[in-house]
Structures are given as C-alpha cells and as structure tokens.
Amino acid sequence: NMKIDYLGHSEFIVQLRGEQGDVRIMNDVWLSSHAFGDFLTRNPVLPENVAQCLPDIDGLFISHPHCDHFDPYTLVPMYKKQRPVLLLPETTAYLRPLLREYLNDPEILILHEGEKVRFRGVTLQGLNFINGYHTNEDDVMCLAISGSDEFAFFEGDTAVPDTEEAWEGLYKLAAAKKFQNRLYVAVRNELEALFLSYDGRDKAMRRRAMQQYRRRRDEEIQNDFEKF
C-alpha cells in the first residue's frame with residue numbers, strides 16, 4: 001500500500017506501486033535549518049546528518065527554487081550518500097549547470113507543464129496553475145503521480161485556483177484509472193503563520209494566533225478535499 005513519510009514543512013517521501021515495483025519520490029529538499037538567514041527556522045528541527053540517513057529514493061522533485069524548498073545544505077550531503085534522479089520543473093531548468101557542478105553530474109529530468117513522463121514504472125505530470133493575481137509562488141509546479149493502482153497529487157507551495165476548470169482537470173487525473181489508493185497532499189507557505197505569530201505581544205497571544213490559523217487551514221483543506 002501507499003506510504004508517506006512526512007519530514008515537516010513541504011518535505012515528504014511517498015512510496016507507491018509502479019509497474020516495475022515500488023517507487024519512492026521525495027518532494028522538496030529543506031532538511032537543514034538554513035533558510036533566509038535567521039529569519040526562518042525549520043519546524044521540526046532535524047538532526048544535522050538527516051540528509052545522509054534517508055532511505056533510498058528514486059526521484060527528488062523540487063517544486064520551485066526558493067531556499068526553503070531547494071536547500072544546498074541538504075542537497076550536497078544527500079548526493080554524497082545516494083543519487084536519486086532530480087525531477088525539475090521547466091521553470092527551474094536554468095539551474096542545471098549549477099547542480100551538475102556541485103552534485104557531481106546527477107541525472108536530471110525536466111518536467112514540462114502538462115506533459116506526461118514515464119519514470120520507473122509510474123507516470124509523472126507537472127502542473128502549473130494560473131491564478132488571477134500575482135504572487136511570489138507563480139513558478140511553483142504541482143506534481144501528479146500515477147502508479148499501477150495508486151495516485152498521488154502534491155499541491156506544493158501554491159493553491160489550486162478555485163475554478164471549475166482546475167478542479168475538473170484534477171478530477172480527471174485522479175479518475176483516469178480505477179486506483180485503489182488516492183493521495184492529495186496540501187501544504188501552505190508558512191510565512192502567513194509566521195507573520196501572525198510575530199504580531200502577538202507575548203507567548204499566549206502567539207499561541208492563540210497559531211491555533212486560530214491551524215483551525216482555519218483545517219477548514220480550507222477539508223473544503224478543498226470535498227471539491228476534489
């Protein structure tokens with residue numbers, strides 16, 4: 001059966017059945033505590049050697065090149081221990097020379113918007129949604145994975161537009177086969193919660209702000225799930 005190991009933030013490893021056996025794909029790569037200087041701290045904080053203690057991974061998908069998703073302090077030690085295929089959105093293809101130099105020429109697969117790609121017995125499809133407003137997350141790519149009888153969708157650091165066209169497209173992907181298991185992973189940019197906590201004048205106010213934020217996010221995720 002499908003298995004997901006959550007590593008905090010937007011990092012997780014999904015294992016699902018492909019036509020050639022189980023496939024492990026990791027989403028994003030920020031396992032150190034280095035991002036945006038001292039402004040952003042990872043939660044939870046992981047051991048320093050965690051990048052070298054991960055299970056064997058077939059593919060590493062990087063949704064976009066922000067440093068809390070694309071972390072050199074994780075990538076370099078990770079690729080000294082194992083060499084998963086780098087799955088990059090076309091908007092991140094310009095980083096190939098840098099990655100080849102510092103990761104000792106890893107195998108790189110570029111995902112183009114809407115294009116279906118076969119990978120280790122599963123089908124990958126990257127999706128970029130266009131919202132009616134501009135954000136600093138416009139280059140984020142979502143990822144759909146179709147296995148032999150399992151389906152997973154990673155929403156990434158973005159939001160699926162609340163349009164009939166977008167939800168109909170996702171429904172068609174998830175209903176393309178009689179999948180036994182379907183997984184929808186939704187994460188959200190943590191800066192909203194971070195700024196809310198900074199507004200609190202003391203620990204009690206910050207704690208209440210975080211509780212209110214989590215309740216609101218739970219409601220949003222449930223609403224998105226029901227639409228899907």
Where is the tightest heavy-atom contact between [X] and [Y], given as atom of each residue plus distance?
X: Leu173; Y: Ala144; result: CD1-CB, 4.1 Å
X: Pro72; Y: Pro77; result: O-CD, 4.1 Å
X: Pro65; Y: Thr92; result: CD-OG1, 3.8 Å
X: Arg182; Y: Ala174; result: NE-O, 2.7 Å
X: Leu127; Y: Gly114; result: CD2-CA, 4.4 Å
X: Thr74; Y: Ser32; result: OG1-N, 3.3 Å

- Going through the distances and angles, do Phe129 and Val140 end up as a side chain to side chain contact (heavy atoms under 4.5 Å, CB included)? CA-CA 8 Å; Phe129 291 102; Val140 176; over 6 Å; no
- Task: Output, in order, the C-alpha distance, side-chain angles, deciding distance and verdict of side-chain hydrogen bond (donor to acceptor under 3.5 Å, both in side chains) for Arg118 and Thr123.
- Result: CA-CA 5 Å; Arg118 295 292 293 169; Thr123 299; 2.6 Å; yes
- Co-membership, hydrophobic cluster, residues Tyr102 and Tyr73, 4.5 Å side-chain: no
Rounded to the nearest 0.5 Å, how far does [atom2] of [Y] lie from [atom1] of [X]?
X: Leu95; Y: Leu86; atom1: CG; atom2: CG; answer: 10.0 Å
X: Arg83; Y: Asp56; atom1: CZ; atom2: CG; answer: 13.5 Å
X: His112; Y: Leu88; atom1: NE2; atom2: CG; answer: 10.5 Å
X: Met2; Y: Gln180; atom1: CE; atom2: CD; answer: 10.0 Å
X: Leu7; Y: Asp28; atom1: CG; atom2: CG; answer: 11.0 Å
X: Leu75; Y: Leu60; atom1: CG; atom2: CG; answer: 6.5 Å

Are the side chain of [X] and the backbone N or O of [Y] linked by a donor-acceptor pair below 3.5 Å?
X: Glu90; Y: Glu113; result: yes
X: Asn49; Y: Gln52; result: no
X: Tyr79; Y: Pro84; result: yes
X: Arg96; Y: Ala93; result: yes

- Task: Apply the test salt bridge (Lys or Arg N to Asp or Glu O under 4.0 Å) to residues Arg24 and Asp58: give CA-CA distance (whole Å), side-chain angles for both, the deciding distance (0.1 Å), then the verdict.
- Result: CA-CA 5 Å; Arg24 282 199 191 107; Asp58 297 290; over 6 Å; no
Is there side-chain contact between [X] and [Y], with heavy atoms separated by less than 4.5 Å?
X: Tyr184; Y: Leu170; value: yes
X: Leu111; Y: Met141; value: yes
X: Ile145; Y: Phe119; value: no
X: Asn27; Y: Ile62; value: no
X: Leu183; Y: Ile4; value: yes
X: Ile110; Y: Ile108; value: yes
X: Ser146; Y: Lys177; value: no
X: Pro89; Y: Asn128; value: no

- Hey, mind stepping through Leu99 and Phe70 against side chain to side chain contact (heavy atoms under 4.5 Å, CB included) and telling me if it holds? CA-CA 11 Å; Leu99 292 165; Phe70 180 88; 3.7 Å; yes
- Item | Flag for His64-Thr91: side-chain donor and acceptor within less than 3.5 Å | no
- Phe179 and Phe151 aromatic ring geometry - parallel, tilted or perpendicular at 30°/60° bounds: tilted
- Is Arg17 salt-bridged to Asp149, cutoff N-O under 4.0 Å? yes
- Task: Count the heavy atoms of every other residue, nucleotide or ligand shown that sit under 6.0 Å from CD of Glu48, and state whether that count exceeds 12.
- Result: no
- Sequence neighbours excluded, which residues qualify as ring-ring contact (aromatic ring centres under 6.0 Å, His included) partners of Phe154? Phe12
- Task: Report the C-alpha distance between Leu54 and Met26 in whole Å, list the side-chain angles of each, state the deciding distance to 0.1 Å, and finish with yes or no for side chain to side chain contact (heavy atoms under 4.5 Å, CB included).
- Result: CA-CA 10 Å; Leu54 295 170; Met26 181 172 174; 4.0 Å; yes
- Step-by-step side chain to side chain contact (heavy atoms under 4.5 Å, CB included) determination, Ile57 to Ile25: CA-CA 6 Å; Ile57 298 165; Ile25 294 179; 5.8 Å; no
- Query: Is the ring centre of His9 less than 6.0 Å from the ring centre of Trp30?
  - Reply: yes
